[in-house]
Amino acid sequence: MQNKILNLLYNTKDYVSGQQISDSLGVSRQAVNKAVKTLRDKGFGIESATNRGYLLTSTPSFLCEEAVKLFLNTKLIGKSLTVLDSVTSTNDYIKKLGSEGAEAGTVVLAREQTAGKGRLGRVWQTKKDDGIALSVLLRPELAPSEISSITPLSGLAVCRAVNDFCMLDSRIKWPNDIIIGRKKLVGILTEMSAEFDKVDYTVTGIGINVEHTTFPDEISHKATSILLETGRHIDQNKFVATVLGYLEQELVLNRYILSGEALADYQSLCATIGRQVTFTRGNRQISGMAVSISQGGELEVMLSNGTIATVNSGEVTVQGIY
Ligand code: BT5
């Protein structure tokens, strides 16, 4: 009922009388009063005036389930959406939901992660309400070998959402970082559960630095936040709804494959292309010029002998970035 009241107030953009709310939702005036009180306790500004009713004046500045849902305009991603106050890792939390049969499009967000994960056992660091931790569960009908596009498509979606919503010029450092200049704004970690020939579910975990003004010493030279870049506080709930909208557009509409227009968009936003890179093969360090991204998301690197090496995972150091 709280979501319905919010939708009514948000879409009316004027006072709505208690009677009108109770009539249109088929509930008592008392129930309306109670729901409005709960919404105020959750951080929504709802003014009431005698003989006029209720007016929505503000939404919470921190992540809030009802507020994200209010702004969300997707069909699949976010159909089921939860905001947790604190969790070890949104990826671990949603993986448990996935193994219990949660539907495709389930989203879990957290205001705080106490054990946020990067790739290869690394740590993703955030403090409460500084960053957005977001995980999306999907059930693409693909073989495990076909899901390599999910990380780059997610990166493309987040990069476009950041640029559109925050008016920034972020770029993608292949395969999974969103950077501004030489610093990392977003990290993405995709995990999956699969049988031999069929994916059961994938989890895309996205960590976005929003309100940080400082970072721990070991990453302060290579990390940035939306606040540091713009000097402004963004509406985190509207921003999350924008990110989820772009994720749906890039992942679902492209049927989880990086090709055609999405591939062209990815290449044009990819900061790695055209730079000298170093990657590891076996125990050898190899350097070359990053020249393109293949269909499916591999990095193609031209070596000094003119041959092209294809890199599909692991660490790539990009000269001039990190
Ligand atoms: C990543 O790994 O960048 C993937 C990060 C994914 C985090 C999300 S948050 C929601 C979901 N739940 C999780 O538990 N995880 C996902 P990787 O490419 O391995 O980069 C990790 C490295 O980035 C670390 O070793 C640090 O050097 C650096 N780093 C850690 N925290 C950072 C931050 N807040 N901002 C910028 N860089 C950071």
Side-chain angles (χ1 to χ4, degrees), residues 63 68 77-78 81-98 106-138 150-152 154-155 157-159 161-162 170-192 201-229 236 239-240 243-244 247 271-272 277 279-280 297 299 311-318 321-322:
L63 280 182
V68 178
I77 295 187
L81 183 144
T82 310
V83 176
L84 303 169
D85 220 35
S86 179
V87 70
T88 49
S89 150
T90 52
N91 265 30
D92 288 348
Y93 186 92
I94 211 170
K95 274 178 359 195
K96 186 157 177 292
L97 298 184
T106 297
V107 169
V108 172
L109 291 135
R111 293 177 61 187
E112 176 182 53
Q113 279 192 132
T114 53
K117 302 186 301 183
R119 294 177 303 155
L120 311 166
R122 290 188 287 236
V123 174
W124 181 254
Q125 317 208 29
T126 42
K127 292 206 300 283
K128 188 156 189 173
D129 291 330
D130 265 2
I132 292 172
L134 153 71
S135 295
V136 182
L137 180 99
L138 293 165
I150 290 191
T151 295
S154 307
V158 181
C159 184
V162 165
S170 74
R171 304 263 150 166
I172 307 161
K173 176 177 176 281
W174 184 90
N176 68 322
D177 291 353
I178 307 300
I179 57 169
I180 296 185
R182 296 164 172 223
K183 294 183 168 179
K184 180 159 166 175
L185 181 77
V186 178
I188 301 177
L189 169 67
T190 304
E191 300 183 82
M192 77 164 163
Y201 62 82
T202 63
V203 166
T204 302
I206 302 169
I208 310 175
N209 299 330
V210 180
E211 291 283 321
H212 305 65
T213 48
T214 56
F215 287 92
D217 285 351
E218 64 276 20
I219 56 168
S220 62
H221 62 288
K222 59 170 184 177
T224 192
S225 71
I226 290 172
L227 178 58
L228 285 171
E229 294 298 326
Q236 294 198 27
F239 177 56
V240 165
V243 170
L244 297 179
L247 281 170
T272 310
V277 297
F279 60 94
T280 310
L299 182 67
V311 189
N312 52 27
S313 65
E315 213 48 44
V316 170
T317 313
V318 183
I321 305 182
Y322 58 85

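Order of listing sets the numbers, starting from 1, for every ligand and every atom in it. Please read all numbers here as calculations on a predicted model, not as lab measurements.
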J.: Can you tell me which portion of Thr90 lies within the under-4.0 Å heavy-atom range of ligand 1? Options are side chain, backbone, both, or neither.
T.: both
J.: Please report the shortest heavy-atom distance between Lys183 and Ser220, naming the atom on each side.
T.: NZ-O, 4.2 Å
J.: Write out the residue and atom name of the closest protein heavy atom to atom 34 (N) of ligand 1, then the distance separating them to 0.1 Å.
T.: Gln125 O, 2.8 Å
J.: Tell me the protein heavy atom at minimum distance from atom 35 (N) of ligand 1, and give that distance in Å.
T.: Asn209 ND2, 2.8 Å
J.: Quick one: which of Lys222, Glu218, Lys173 has a heavy atom closest to atom 27 (O) of ligand 1?
T.: Lys222
J.: Looking at Gly116, which atoms of ligand 1 are within less than 4.0 Å of one of its heavy atoms?
T.: 14 (O)
J.: Among all the protein's non-hydrogen atoms, which is closest to atom 17 (P) of ligand 1, and how far away is it?
T.: Arg119 N, 3.7 Å
J.: With heavy atoms of Leu134 as the reference, note each atom of ligand 1 found under 4.0 Å away.
T.: 10 (C)
J.: What pair of heavy atoms forms the shortest contact from Ser89 to Gln113, and how long is it?
T.: CA-OE1, 3.3 Å
J.: When Ser135 is tested against each of Thr90, Thr204, Asp92 for side chain to side chain donor-acceptor pair (under 3.5 Å), which residue passes?
T.: Thr90
J.: Would you say NZ of Lys128 has more than 12 non-hydrogen atoms from neighbouring residues, nucleotides or ligands within 6.0 angstrom?
T.: yes
J.: Compare all side-chain heavy atoms of Leu138 with those of Ile77 and state whether any distance is below 4.5 angstrom.
T.: yes
J.: Mark up the atoms of ligand 1 that fall under 4.0 Å of a heavy atom belonging to Val123, in ascending order.
T.: 24 (C), 30 (C), 31 (N)
J.: What is the nearest protein non-hydrogen atom to atom 8 (C) of ligand 1, stated with its residue, atom name and distance?
T.: Gly207 N, 3.6 Å
J.: Taking only heavy atoms of Ala223, which atoms of ligand 1 are found under 4.0 Å from at least one of them?
T.: 35 (N), 36 (C)
J.: Pick, from Lys183, Lys184, Lys95, Arg122, the option with the minimum heavy-atom distance to atom 25 (O) of ligand 1.
T.: Arg122
J.: Heavy-atom distances under 4.0 Å decide this one: backbone, side chain, both or neither, for Gln113 against ligand 1?
T.: side chain
J.: Of all the atoms in ligand 1, which lie at a distance below 4.0 Å from a heavy atom belonging to Ile206?
T.: 8 (C), 9 (S), 10 (C)
J.: List the atom of Gly155, the atom of Ile178, and the distance in Å for their closest heavy-atom pair.
T.: O-CD1, 3.3 Å
J.: Nearest heavy atom to atom 15 (N) of ligand 1: which of His212, Lys117, Glu315 does it belong to?
T.: Lys117
J.: If you have a sec, work out which protein heavy atom is nearest atom 33 (C) of ligand 1 and how many Å separate them, to one decimal?
T.: Trp124 CH2, 3.4 Å
J.: What part of Ile188 sits under 4.0 Å from ligand 1 if we count only heavy atoms: the side chain, the backbone, both or neither?
T.: backbone
J.: What protein heavy atom lies closest to atom 28 (C) of ligand 1? Include the residue and the distance to one decimal.
T.: Ile219 CG2, 3.9 Å
J.: State, to 0.1 Å, how close Gly98 and Leu137 come at their nearest heavy-atom pair, and which atoms those are.
T.: CA-CD1, 3.7 Å
J.: In terms of heavy-atom contacts, does CZ of Arg182 have more than 12 from other residues, nucleotides or ligands at under 6.0 Å?
T.: no
J.: Can you name the residues that form a ring-ring contact (aromatic ring centres under 6.0 Å, His included) with Phe215, not counting sequence neighbours?
T.: His212
J.: Could you state the interatomic distance from CD1 (Ile150) to CD (Glu191), rounded to the nearest 0.5 Å?
T.: 12.5 Å
J.: Check Trp124 against Ile208 and note the closest heavy-atom contact, atom names and distance.
T.: CZ2-N, 4.5 Å
